[in-house]
Amino acid sequence: MSEAVSPDLLPLTAQDGPDGLSVGGVSLVELGRRFGTPLFVYDEEHLRRRCREAVAAFGPGRVAYAAKAFLCTAMARLAHEEGLLLDVASGGELRVALNAGVPGDRIVLHGNNKDDGELLAAVRAGVRHVVVDNFDEMDRIERLAAVHGLAPVPVVLRVAPGVAAGGHEAIRTGGTDSKFGFGLATGAAAAAVRRARSSGAMALEGVHAHVGSQVLDAGRLADGAATIARFAVESGVAGLTVGGGLGVAYEAGERVPSFAEWAAGVRTAVRDAGWTGPFVVEPGRSVTARAGLTLYRVGTIKHIEGVRTYVGVDGGMSDNIRPALYGGRYEAFLPRAPFADRPLRARLVGKHCESGDILVDDAALPADLAVSDLLATPVTGAYGYAMASNYNKLPRPAVVFVRDGGARLVVRRETEDDLLRLDVPGPGEVPGTAGVAQVTARRLTTA
């Protein structure tokens, strides 16, 4: 590959100009200077358009944003403003959604192992419903209801429909052999319906299924929807959620169904299965992925004659674990010359002490790539920041939203002081960097 990066991988407002690529009317080169790197940059207009496209395809009140893809207070508020429900997967995600001003009845709680605190927080926040994943969770809800005198908790039962799809085994969730949901083939799902209906602690509102993630074939999503719809009809429940999973293009040439195509396929599938009511979908990646990109600074270029070239940047697996976790593939380009030919082949790597710290195994890059260049990887708006870590004690990057020529910081960059914030000082130690310096000096003098 020597051609330029495909515009289809860039945020919708991306434009080339005298200062290189801009997004939201703001130069990426300038963003790198102003906010530092690594840096997550989101096209706010792109995010809003994708939310609106989803609502237009499926209907008002029928789209729940799968917040695990990317969540901060600003993103939760944006999704709510655009008419989406929020699907959260933990007490922490619930806290962020509530902090953004999202009403409880616009939030649904997922999770395969919710603890007492998460369930109580959800009930007290008045969430729309809890997606119950297993019989142990039913036990927990019944015990909490008895101890705390709770009104019946609105629940939706997650079913493992026996239909699995997705770009990697690790993100295929709908099969019979899955940690998620009540198995359909085993009879567990039918038993769960009977128990929920007979329990005074639960108010059964419907059933749910999710077949997997990064699905590029809308037909597989329709198959999963048809299976859970048939079960919903047989069970006589009032509500149906068919999950999310629509994929995105990470590399040039990948074909991705639109929201409209996904909606049409699911509507036909559930109707043919006998379901005549509305249904809810839960897109995440397909809302945020292409809207975001990551900026890095090139620190090293290492040529190994007859082997390969390594290009090292100032981030890596701590801000994008997907390549190491399940073989996620990306492209890269230079914001100063976004549509330049890319004849140089190199392995784009991070700065972590791991040979597997690879962002792009065989990246196409411009021939004039140099140390200190600003480099970007597009389509990192889903599961980049969300899965970021402090491995090797790297502070997590900042997140910036850009729109109409302005940039706003929505998540500040962590500092090295933040890395020490949770450490518990020992005897004689003082929290913070000054304390570390004192301890180090004391150890050197007593060694």
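Just so you know, residue 1 is the first one in the sequence shown, and it goes up from there. Just so it is clear, the values below take in all heavy atoms, side chains as well, and ignore hydrogens, waters and symmetry mates.
A salt bridge links Arg195 and Asp139; the closest N-O separation between the charged side-chain nitrogens and carboxylate oxygens is under 4.0 Å. Salt bridge status for Glu234 with Arg230: absent, with no side-chain N to carboxylate O gap under 4.0 Å. Asp361 has a carboxylate O that lies under 4.0 Å from a charged side-chain N of Arg347, or vice versa, which qualifies the two as a salt bridge. Remark: Arg158 does not engage Glu282 in a salt bridge, criterion side-chain N to carboxylate O under 4.0 Å.
Side-chain atoms of Glu137 and Val155, non-hydrogen and from C-beta on, never get closer than 4.5 Å to each other. For the pair His208/Val132, no side-chain contact is recorded, criterion being any heavy-atom separation below 4.5 Å from C-beta on. Using a 4.5 Å heavy-atom cutoff, the side chains of Ser318 and Lys351 are not in contact. A heavy-atom distance below 4.5 Å is found between the side chains of His148 and Leu120. Taking 4.5 Å as the limit, some side-chain heavy atom of Pro323 sits within range of a side-chain heavy atom of Tyr330. You'll find the side chain of Met202 stays beyond 4.5 Å of the side chain of Leu204, heavy atoms only. Within the 4.5 Å cutoff, the side chain of Val207 has heavy atoms near those of the Leu240 side chain. Contact annotation: the side chain of Arg396 approaches that of Asn390 to within less than 4.5 Å [non-hydrogen atoms, C-beta and beyond].
Listed by chain and residue number, Arg48, Arg52 satisfy the salt bridge (Lys or Arg N to Asp or Glu O under 4.0 Å) test with Glu82 (two or more places apart in sequence, or in another chain). Not counting sequence neighbours, Arg271 has no partner by the side-chain hydrogen bond (donor to acceptor under 3.5 Å, both in side chains) test.
What you find for Gly247 and Val256 is that their closest heavy atoms are O-CG1, 3.1 Å. Listed here is the closest heavy atom pair of Ala100 and Thr73: CB-O, 3.4 Å. The minimum heavy-atom distance linking Pro7 with Phe339 is given by the pair CG-CE2, 4.1 Å. Closest of all the heavy-atom pairs between Leu31 and Ala407 is CD2-CB, 3.7 Å. Minimum heavy-atom separation, Lys114 to Arg140: O-NH1, 2.7 Å. Taking both residues in full, the closest heavy atoms of Ala188 and Phe135 are given as O-CZ, 3.6 Å, listed atom of the first, atom of the second, then distance.
When the shell of 6.0 Å around CZ of Arg106 is examined, it contains more than 12 heavy atoms from other residues, nucleotides or ligands. A 6.0 Å sphere centred on CD of Gln15 holds no more than 12 heavy atoms belonging to other residues, nucleotides or ligands.
For the pair Arg50 and Phe259, the cation-pi test (distance below 6.0 Å, angle within 45°) is passed. Arg285 forms no cation-pi arrangement with Tyr383, by the criterion of a distance under 6.0 Å to the ring centre and an angle within 45° of the ring axis. Geometrically, Arg322 engages Tyr250 in a cation-pi contact, judged by NZ or CZ lying under 6.0 Å from the ring centre and within 45° of the ring axis.
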Side chain to side chain contact (heavy atoms under 4.5 Å, CB included) between Asp116 and Arg143: does it pass, once the steps are laid out? CA-CA 10 Å; Asp116 287 7; Arg143 177 172 52 79; 3.1 Å; yes

Verdict with supporting geometry, Tyr391 and Asp357, side-chain hydrogen bond (donor to acceptor under 3.5 Å, both in side chains) | CA-CA 11 Å; Tyr391 185 47; Asp357 180 23; over 6 Å; no

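Between Phe401 and Phe70, the angle of the ring planes lies from 30° to 60°, which puts this pair in the tilted group.
When each of Thr37, Leu39, Thr377 is checked for a side chain to side chain contact (heavy atoms under 4.5 Å, CB included) with Thr294, only Thr377 meets the rule. If you run side chain to side chain contact (heavy atoms under 4.5 Å, CB included) between Tyr65 and each of Thr288, Asp87, Leu78, Leu85, only Thr288 comes through.
Distance alone, capped at 3.5 Å, is enough to place a donor-acceptor pair between the Thr415 side chain and the Asp418 backbone.
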